[in-house]
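Reviewing the structure listed below.
Every number for a ligand or one of its atoms is a count from 1 in the order of the listing.
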Amino acid sequence: MTDKTKKVAIITGGGSGLGLYTALKLADAGVNITIVDISEAAGAAAVQQLEAKGVKALFVQADVSQPQDVKHYVDQTVSTFGTIDMFFNNAGISGPGTRFADNTIEQIEQVVGINLLGGLYGLKYVLEVMLQNGGGSIVNTSSTAGLVGQATVGSYSATKHGIIGITKTIAVEYAAEGINVNAIAPGTTETPMVKQYRQDNPETFQAVEAAIPQRRLGQPEEIAALVAFLLSDEAKYINGVVVPIDGGFTAQ
Ligand SMILES: NC(=O)c1ccc[n+]([C@@H]2O[C@H](COP(=O)([O-])OP(=O)(O)OC[C@H]3O[C@@H](n4cnc5c(N)ncnc54)[C@H](O)[C@@H]3O)[C@@H](O)[C@H]2O)c1
């Protein structure tokens, strides 16, 4: 039997970083969660942490760039929990970190496949369920690179601009049917991966921090708090916006 008093969230890329921190934050509010990730180890570890907080958690391994995997995680969530109230459409990769002409076609296709097509497929299948069930709330992960140009992340930047385009479109198309959708645009955030990179490249990071008006990186807890708010009923009238969370970086 599904528990209809509990909200249900799907979080892609939920095994690590921003997805995992958001899952833990939503679990504190009693939300049951499907963790979607390509990494089985990360997904299983996330489920353990969520269950320890007393909520129900399901892991579905998926490569979000594959439409059949995306349909599968949506179907599995509905058959396990009965509905989808919240969708954090977040899985992404950063790409090779070279100037654009130095990318291979395969590198371009990989970043677009995961970050943009993966996000679009997720929206298509989740929207079908939300429309049937009377609504829901969605947050898409863009980036400061979805708002301004940043050297060496061309394909990534294109996908993150695209995520903002689909966010605004869906906001307009489905607002009257109980669905609100917004995007977040984080600056560089101190996830475990970034922390390691910072330890290995302290000088690069001094320059990154110096370019941020608040002179520090974002913390994953800060992003999770924003996403949890945007997915909550309190934020239901916020629709189609992009919220930068970047210490003032894109205000310059
Ligand atoms: N950390 C930052 O500084 C930052 C800044 C702006 C935007 N973002 C965006 O936030 C999102 C999350 O990034 P993060 O920093 O938490 O990264 P992360 O690497 O810690 O987490 C991403 C998760 O996505 C999973 N994943 C990767 N490819 C996948 C695929 N094809 N299918 C399913 N899962 C896949 C990974 O296994 C990982 O668990 C991304 O979209 C990223 O572009 C991050």
Check [X] against ligand 1 and report side chain, backbone, both or neither, counting heavy atoms closer than 4.0 Å.
X	answer
Ser94	neither
Ile38	both
Ile114	side chain
Ala62	backbone
Ala42	neither

What residue and heavy atom of the protein are closest to [atom], and at what distance?
atom	value
atom 16 (O) of ligand 1	Leu18 N, 2.7 Å
atom 28 (N) of ligand 1	Ile93 CG2, 3.8 Å
atom 24 (O) of ligand 1	Gly13 CA, 3.3 Å
atom 22 (C) of ligand 1	Gly92 O, 4.1 Å
atom 4 (C) of ligand 1	Gly187 O, 4.2 Å
atom 40 (C) of ligand 1	Asn90 O, 3.3 Å
atom 18 (P) of ligand 1	Ser16 OG, 3.6 Å
atom 43 (O) of ligand 1	Tyr156 OH, 2.6 Å

Can you tell which of [options] gets a heavy atom nearest to [atom]?
atom	options	answer
atom 6 (C) of ligand 1	Ala145, Ser39, Pro186	Pro186
atom 2 (C) of ligand 1	Ile223, Thr22, Thr189	Thr189
atom 32 (N) of ligand 1	Thr141, Ile11, Val64	Val64

Hey, mind stepping through Thr141 and Ile163 against side chain to side chain contact (heavy atoms under 4.5 Å, CB included) and telling me if it holds?
CA-CA 7 Å; Thr141 302; Ile163 286 295; over 6 Å; no
So for Glu190, does at least one of its heavy atoms come nearer than 4.0 angstrom to any atom of ligand 1?
no
Do Lys53 side-chain atoms and Lys25 backbone N/O form a donor-acceptor pair below 3.5 Å?
no
From CA spacing to verdict: side chain to side chain contact (heavy atoms under 4.5 Å, CB included), Ile33, Phe81:
CA-CA 9 Å; Ile33 295 168; Phe81 295 125; over 6 Å; no
Quick check: does Asp63 get an N/O under 3.5 Å from an N/O on ligand 1?
yes
Please report whether ligand 1 has a polar contact with Asp37, defined as an N or O pair separated by less than 3.5 Å (distance criterion only).
yes
Would you say CD of Gln252 has more than 12 non-hydrogen atoms from neighbouring residues, nucleotides or ligands within 6.0 angstrom?
yes
Do you know which of Ile114, Val112, Leu117 makes side-chain contact (heavy atoms from CB on, under 4.5 Å) with Ser65?
Ile114
